[in-house]
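Structure, as structure tokens:
Remember, predicted model here, so these are calculated numbers, not experimental data. Sequential numbering from 1 along the given sequence is applied to the chain's residues.
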Amino acid sequence: MKTDLTDTTASKINKALVKARRAIGTPAVGMVLTLVIVTDEENAYDALKAAGDASREHPSRTLVVIKRVSRSPRDRTQSRLDAEVRVGADAGTGETVVLRLHGEVVDHAQSVVLPLLLPDAPVVVWWPVNAPLDPANDPLGALAQRRVTDTYACEQPVKELAARADAYTPGDTDLSWTRITPWRSMLAAALDQVACQVQGVEVEGEEFNPSCELLAMWLADRLDVPVRRTGSAGPGLTAVRMDTDCGPIVLDRADGSLATLAIQGQPKRAVALKRRDTAELIAEELRRLDPDDTYASALRYGVERLKQENGGDAPAKGERDSGERDSGEREAVPAPVESVAKGPAAEAAAEAPVKRAAAK
């Protein structure tokens, strides 16, 4: 069931939600959280579709905030809120409100969203594109327990990762980190099968893919060994090679779907390691609403490493014009013992499942 409201208010939207639920025979609210999506018209459809698919696992009230651009000075001084209320089959297993903000209300989106939040339920804010540099201090981000960004949608992912580390607040996360969850699980499981010490790691993947950078940061942070980043044609991450005193461990995925795990002294194994769509990534993030200390530790380690590689304000490798690109290979950077930030994130490093294999 869909209801269109033009030049409306948050109070009228709430009344429309109650009326729509009664009309389809489900007056009770059975949703577990509020998902706020901040996007533009171009990306609204894809984000809403992903949220609808994820709602089958996490029934939620989805609020889509679209800030419309006013073309004339007169329009910019006039505030208007248009809404589209979807309940039932049109909204997955939850309910959806698409909010289009015009004029001055664009700068006060939190005043529109706040009355529509589910009472006593967690709030997650997701920016598919154009995320603020400091999500926790954004007016909408301040309403949430979890704030989800996606550096893969940025023009300069490596610089964006550095900015995310500088502004990190517990509750922040990124879909580029979520994309490497199967890789981290597989590598940790591989090291659990051997009693060896890791001496060096090579991470191979697309030059402009922030997930490759995050995986390299995580390995360097957890294993305390040199990690080398090399480029490939993709798609995404293509291989991780770990040199150990018992022989190499290689996880190779050339086609973006099926990977091969090779451990010295054991037969090669084919493992499913497909590239997941956005709906699966969002569903994974909604499973946990507590701060991700492992992500924080890897991100903070990466800032120090990037500063060393980039030479301060110099352009990061992978951020240059195509005519200035190098071969894609980066020098091995030893893990600086003192560069890891102290505190809860640093203490979380001791809990990593792969640390045991690298203990000196």
Residues forming a side chain to side chain donor-acceptor pair (under 3.5 Å) with Thr151, sequence neighbours excluded: Asp174, Ser176
For Asp82, all residues meeting side chain to side chain donor-acceptor pair (under 3.5 Å), sequence neighbours excluded: Arg80, His102
Qualifying residues under salt bridge (charged side-chain N to carboxylate O under 4.0 Å, His left out), relative to Lys274, sequence neighbours excluded: Glu280
Pair Arg229-Glu202, salt bridge (charged side-chain N to carboxylate O under 4.0 Å, His left out): steps then yes or no: CA-CA 6 Å; Arg229 264 285 284 124; Glu202 179 183 355; over 6 Å; no
SB check Asp150 Arg179 (cutoff 4.0 Å): yes
Considering all heavy atoms, the nearest Ala189-Gln193 contact: O-CG, 3.3 Å
Pair Gln199, Thr244: side-chain N/O donor-acceptor within cut-off below 3.5 Å: no
Trp127 versus Asp138, side-chain donor and acceptor atoms under 3.5 Å: no
From CG (Asp166) to CG (Leu161), nearest 0.5 Å: 11.0 Å
Check: Leu116 main-chain N/O paired with Arg61 side-chain donor or acceptor under 3.5 Å: yes
Stepwise side chain to side chain donor-acceptor pair (under 3.5 Å) test for Thr62 and Glu95: CA-CA 6 Å; Thr62 303; Glu95 53 191 27; over 6 Å; no
Glu285 backbone acceptor or donor facing Arg288 side chain under 3.5 Å: no
From Trp177 atom CH2 to Glu213 atom CD, the distance as rounded to the nearest 0.5 Å: 13.5 Å
Distance in Å, Thr238 OG1 paired with Glu206 CD, rounded so as to fall on 0.5 Å steps: 8.5 Å
Non-neighbouring partners of Asp243 that pass side chain to side chain donor-acceptor pair (under 3.5 Å), sequence neighbours left out: none
Summary of disulfide bond (SG atoms under 2.5 Å apart) pairs that have at least one residue in residues 236-292, sequence neighbours excluded: Cys196-Cys246
For Asp245, salt bridge (charged side-chain N to carboxylate O under 4.0 Å, His left out) partners two or more places apart: none
Separation between OG1 of Thr39 and CG of Asp46, rounded to the nearest 0.5 Å: 9.0 Å
Polar contact flag, side-chain donor to acceptor under 3.5 angstrom, Asp221-Ser297: yes
Other ILVMFWY residues reachable from Leu289 by side-chain steps of under 4.5 Å: Val32, Leu33, Leu35, Ile37, Leu48, Val64, Ile66, Val98, Val124, Trp126, Val148, Leu175, Leu281, Ile282, Leu286
Under the salt bridge (charged side-chain N to carboxylate O under 4.0 Å, His left out) test, residues paired with Glu57 that sit two or more places apart: Arg287
Shortest non-hydrogen contact from Arg253 toward Ala259: CB-CB, 3.8 Å
Closest contact, heavy atoms only, Asp172 versus Arg146: O-NH1, 4.2 Å
Closest heavy-atom pair and its distance - Ser211, Leu237: O-CD1, 4.4 Å
Verdict with supporting geometry, Arg86 and Asp4, salt bridge (charged side-chain N to carboxylate O under 4.0 Å, His left out): CA-CA 9 Å; Arg86 304 179 185 179; Asp4 290 326; over 6 Å; no
Cationic N near anionic O, under 4.0 Å, Arg241 to Glu204: yes
Pairwise distance CE(Met242) to CD(Gln197) - rounded to 0.5 angstrom: 13.5 Å
Spatial distance of atom CG (Leu101) from atom OG (Ser111) [nearest 0.5 Å]: 8.0 Å
Non-hydrogen side-chain atoms of Leu214 and Leu299 separated by less than 4.5 Å: yes
Pairs satisfying disulfide bond (SG atoms under 2.5 Å apart), at least one member in residues 260-292, at least two apart: none
Test item: Arg100 side-chain N/O and Val65 main-chain N/O as donor-acceptor pair under 3.5 Å: no
Show which side-chain atoms of residues 7-20 pair as donor or acceptor with protein atoms under 3.5 Å away, not counting sequence neighbours.
unit_1, atom_1, unit_2, atom_2, d
Thr9, OG1, Lys12, N, 3.4
Asn14, ND2, Pro115, O, 3.1

All pairs passing disulfide bond (SG atoms under 2.5 Å apart) where residues 93-174 contributes a residue, at least two apart: none
Under the salt bridge (charged side-chain N to carboxylate O under 4.0 Å, His left out) test, residues paired with Arg275 that sit two or more places apart: none
